[in-house]
Asks: 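Can you keep this structure in mind? I'll have questions shortly.
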Amino acid sequence: MVLGYIFVGIVAGLIGAITAAVMGASFWMVSAVYTLAGSFCAAIFAGLELLHQARGKPGTYIIPAEESDSTRLDGLPIPANLPGPVIRSRDMRTLVVDDDPFILELLTVIGESNNVGEIVTVASGEAALALLSDRHTIFDNLLFDISMPVMNGIELCRAVRELPAYRETPITMLTAMRDVEHMSDAFRAGADDYATKPFDVDQLVERLEAAQQDFTAKGRMTSQKGRSGNLVQKFASSSLALANSVVRGTALPVIDAAAMQNYLTQLPRKDVASVQVFALNINLVAAFHADPAPQRCAAMLQEVAVAVAANLGATQTVMAFTDDGDLLVAALANTLPQAKDLEAAVNTHVTATGFADVAIAAQGQLIAVGTPVALQGTKDQRAALASSRAIRFAENRAMQKQGGSVVAFLRA
């Protein structure tokens with residue numbers, strides 16, 4: 001780039017010198033024009049390039065303040081004494097991992113032909129993990145194939161979720177695997193969405209455009225996660241956020257609530273009848289009155305997930321906490337115990353792991369387990385229908401046990 005500026009300066013200087021000579025200027029004047037014109041043009045072009053780099057491209061991403069002392073973005077050092085997050089402007093950057101050259105070429109062409117940001121491709125899980133482990137390289141969207149040699153996409157997904165910088169980065173599996181086992185394993189490993197090959201190019205472009213819009217919106221969004229309302233609602237929101245931040249990437253099959261909806265939506269048609277959904281209503285009012293520390297409630301929520309996984313099998317379930325503090329569970333129908341038996345087992349486990357005071361405050365009604373429901377309706381309807389019915393059944397069970405007081409107070 002520096003040689004380019006020098007070349008531009010030389011050309012501009014020659015043009016100026018020739019023009020001055022034609023106009024009859026002296027030798028010394030021609031030399032001065034050559035020097036001044038060349039230097040001026042080289043400096044102008046260099047300044048414009050620096051300005052372009054500083055302005056960047058549309059979109060935003062945030063580097064935590066604690067990493068700002070050593071992280072560089074686009075080659076520019078970040079000051080070490082910044083008081084808050086560092087915000088830089090750029091497009092979304094997507095990493096595609098697949099051992100099929102055709103898929104890599106297709107995604108590259110899609111990236112070049114559509115407003116979906118920058119597409120980077122690699123052919124193996126090992127190469128992807130090395131790239132993602134580099135703190136100087138930041139990706140905002142990840143697409144993984146499952147069937148790859150040495151390290152498959154599910155193993156890669158699990159390893160990526162262990163990297164602090166990628167705990168919340170969207171991961172979509174692009175795979176030919178269409179069975180519930182691979183899909184469940186992928187979501188338990190941390191995937192957010194699942195698309196099977198051969199896929200429709202237009203739908204893939206729509207996914208990438210939606211990811212680009214979400215990425216841009218997150219950069220503009222101020223902190224709006226704290227829910228308005230009474231103290232119990234705020235307590236529940238803080239507790240759930242803490243619980244989700246801990247369980248994601250662990251051995252527990254707890255995934256994000258949006259990922260759960262994608263899981264239920266993307267289930268293969270042949271496996272839909274084998275999966276049922278149920279919910280656990282958790283008495284957060286009792287937890288709040290026993291100890292209004294969100295950290296302790298988050299630990300209790302984790303123990304609820306531990307108890308469910310222990311009774312159903314961690315490899316047989318997919319679970320997610322809803323915004324209202326319910327635990328939504330999808331499991332193979334032939335593995336489900338009676339709802340009342342599971343309810344008793346979960347209550348016993350939580351009480352025995354240091355939350356006896358919460359159980360006392362709940363007057364023995366800490367956890368209510370609703371009746372399992374089957375997946376019904378069209379592909380786009382099944383997730384919402386099953387979730388709403390399962391949560392309603394769990395609430396009805398809680399109302400039967402507690403006379404309706406807990407649920408009425410929580411929803412007030």
Asks: Taking atom types as modelled and ignoring hydrogens, do the side chains of Thr94 and Glu118 form a donor-acceptor contact shorter than 3.5 angstrom?
Replies: no
Asks: What's the shortest heavy-atom distance between Ala279 and Ala394, and which atoms?
Replies: O-CB, 3.4 Å
Asks: Per the salt bridge (charged side-chain N to carboxylate O under 4.0 Å, His left out) rule, what does the pair list look like for residues 263-281, sequence neighbours excluded?
Replies: none
Asks: Rounded to the nearest 0.5 Å, how far does CG of Asp192 lie from OG1 of Thr172?
Replies: 6.5 Å
Asks: Using a strict threshold of under 4.0 Å (side-chain N to carboxylate O), is an ion pair present between Arg158 and Asp185?
Replies: no
Asks: Which residue pairs pass the side-chain hydrogen bond (donor to acceptor under 3.5 Å, both in side chains) test when at least one of the two sits in residues 338-350, sequence neighbours left out?
Replies: Glu303-His349, Glu343-Arg397, Glu343-Lys401
Asks: Just wondering, do Thr371 and Phe278 contact through their side chains at under 4.5 Å, heavy atoms?
Replies: no
Asks: Within the structure provided, determine whether Phe139 and Leu132 are in side-chain contact (heavy-atom separation under 4.5 Å).
Replies: yes
Asks: With a 4.5 Å limit on heavy-atom distance, are the side chains of Leu336 and Leu312 in contact?
Replies: yes
Asks: Go through the steps for Val308 and Val329 under the test side-chain contact (heavy atoms from CB on, under 4.5 Å), then give the verdict.
Replies: CA-CA 9 Å; Val308 174; Val329 183; 4.2 Å; yes
Asks: Determine, stepwise, if the pair Leu204 / Leu174 fulfils side-chain contact (heavy atoms from CB on, under 4.5 Å).
Replies: CA-CA 10 Å; Leu204 185 56; Leu174 296 181; 4.2 Å; yes
Asks: Quick one: CD on Gln276 to OG on Ser274, what's the gap to the nearest 0.5 Å?
Replies: 9.5 Å
Asks: So, do Pro268 and Met183 sit near enough that their side-chain heavy atoms are less than 4.5 Å apart?
Replies: yes
Asks: Any salt bridge between Lys197 and Asp100, counting N to O under 4.0 Å?
Replies: no
Asks: Considering all heavy atoms of both residues, which atom of Cys157 and which atom of Ala186 are nearest to each other, and what is their separation?
Replies: SG-O, 4.3 Å
Asks: A side-chain contact here means heavy atoms from C-beta on lying under 4.5 Å apart; do Val304 and Ile367 qualify?
Replies: yes
Asks: Is there side-chain contact between Leu208 and Leu143, with at least one heavy-atom pair below 4.5 Å?
Replies: yes
Asks: Would you say Glu112's side chain and Val109's backbone share a donor-acceptor pair under 3.5 angstrom?
Replies: no
Asks: Applying side-chain contact (heavy atoms from CB on, under 4.5 Å) to Thr175 and Phe144, what does each step give before you reach the verdict?
Replies: CA-CA 8 Å; Thr175 177; Phe144 296 163; over 6 Å; no
Asks: Just jot down the salt bridge (Lys or Arg N to Asp or Glu O under 4.0 Å) partners of Arg207, sequence neighbours excluded, or say none.
Replies: Asp193
Asks: Is a side-chain donor or acceptor of Arg382 paired with a backbone partner of Leu264 at a separation under 3.5 angstrom?
Replies: yes
Asks: Which is it for Ser147 and Met177 under the side-chain contact (heavy atoms from CB on, under 4.5 Å) test, yes or no, and what are the steps along the way?
Replies: CA-CA 8 Å; Ser147 295; Met177 300 297 182; 2.7 Å; yes
Asks: Using a 3.5 Å distance criterion without hydrogens, assess whether the side chain of Asn281 forms a donor-acceptor pair with backbone atoms of Ala368.
Replies: no
Asks: Between the side chains of Asp179 and His182, is a donor N or O closer than 3.5 angstrom to an acceptor N or O?
Replies: yes
Asks: Locate the shortest heavy-atom distance separating Leu375 from Ala386; write the atom from each residue and the value.
Replies: CD2-CB, 3.5 Å
Asks: Has Asp98 got a side-chain atom pairing as donor or acceptor with Ile103's backbone, closer than 3.5 angstrom?
Replies: no
Asks: For Asp140, does its backbone N or O pair with a side-chain atom of Arg93 as donor and acceptor, under 3.5 Å?
Replies: no
Asks: Please name the pair of heavy atoms, one in Phe215 and one in Asp91, separated by the smallest distance, quoted to 0.1 Å.
Replies: CE2-C, 3.7 Å
Asks: Heavy-atom distance under 4.5 Å between the side chains of Leu163 and Leu129, does that happen here?
Replies: yes
Asks: Assign the ring pair Tyr263 / Phe187 to parallel, tilted or perpendicular, where the plane angle (0 to 90°) is split at 30° and 60°.
Replies: perpendicular
Asks: Looking at every heavy atom in both Ile146 and Met173, which two are closest together, and how far apart are they?
Replies: CG1-CE, 3.6 Å
Asks: Give, for atom CG of Leu366 and atom CD1 of Ile360, the distance between the pair rounded to the nearest 0.5 Å.
Replies: 11.5 Å
Asks: With rounding to the nearest 0.5 Å, note down the distance linking CG in Leu280 to CD1 in Ile282.
Replies: 6.5 Å
Asks: State whether the side chain of Ser184 and the backbone N or O of Glu181 hold a donor-acceptor pair below 3.5 Å, judged by distance alone.
Replies: no
Asks: Do you know which two heavy atoms are closest between Ala286 and Ala361, and how far apart they sit?
Replies: O-CB, 3.7 Å
Asks: Between the main-chain N or O of Val254 and the side-chain N or O of Arg188, is there a donor-acceptor pair closer than 3.5 Å?
Replies: no
Asks: Does Gln261 reach the main-chain N or O of Ala258 with its side chain, forming a donor-acceptor pair under 3.5 Å?
Replies: no
Asks: CD/Glu206 to CD/Gln203 distance, rounded to the nearest 0.5 angstrom?
Replies: 6.5 Å
Asks: Under 3.5 Å, is there a donor-acceptor pair between the side chain of Thr335 and the main chain of Leu332?
Replies: yes
Asks: Using a 4.5 Å cut-off on heavy atoms from C-beta on, say whether the side chain of Leu131 contacts that of Val120.
Replies: yes
Asks: To the nearest 0.5 angstrom, please state how far the SG atom of Cys297 sits from the CG atom of Leu284.
Replies: 5.0 Å
Asks: Checking Asp326 side chain against Leu328 main chain: does a donor-acceptor pair fall under 3.5 Å?
Replies: no
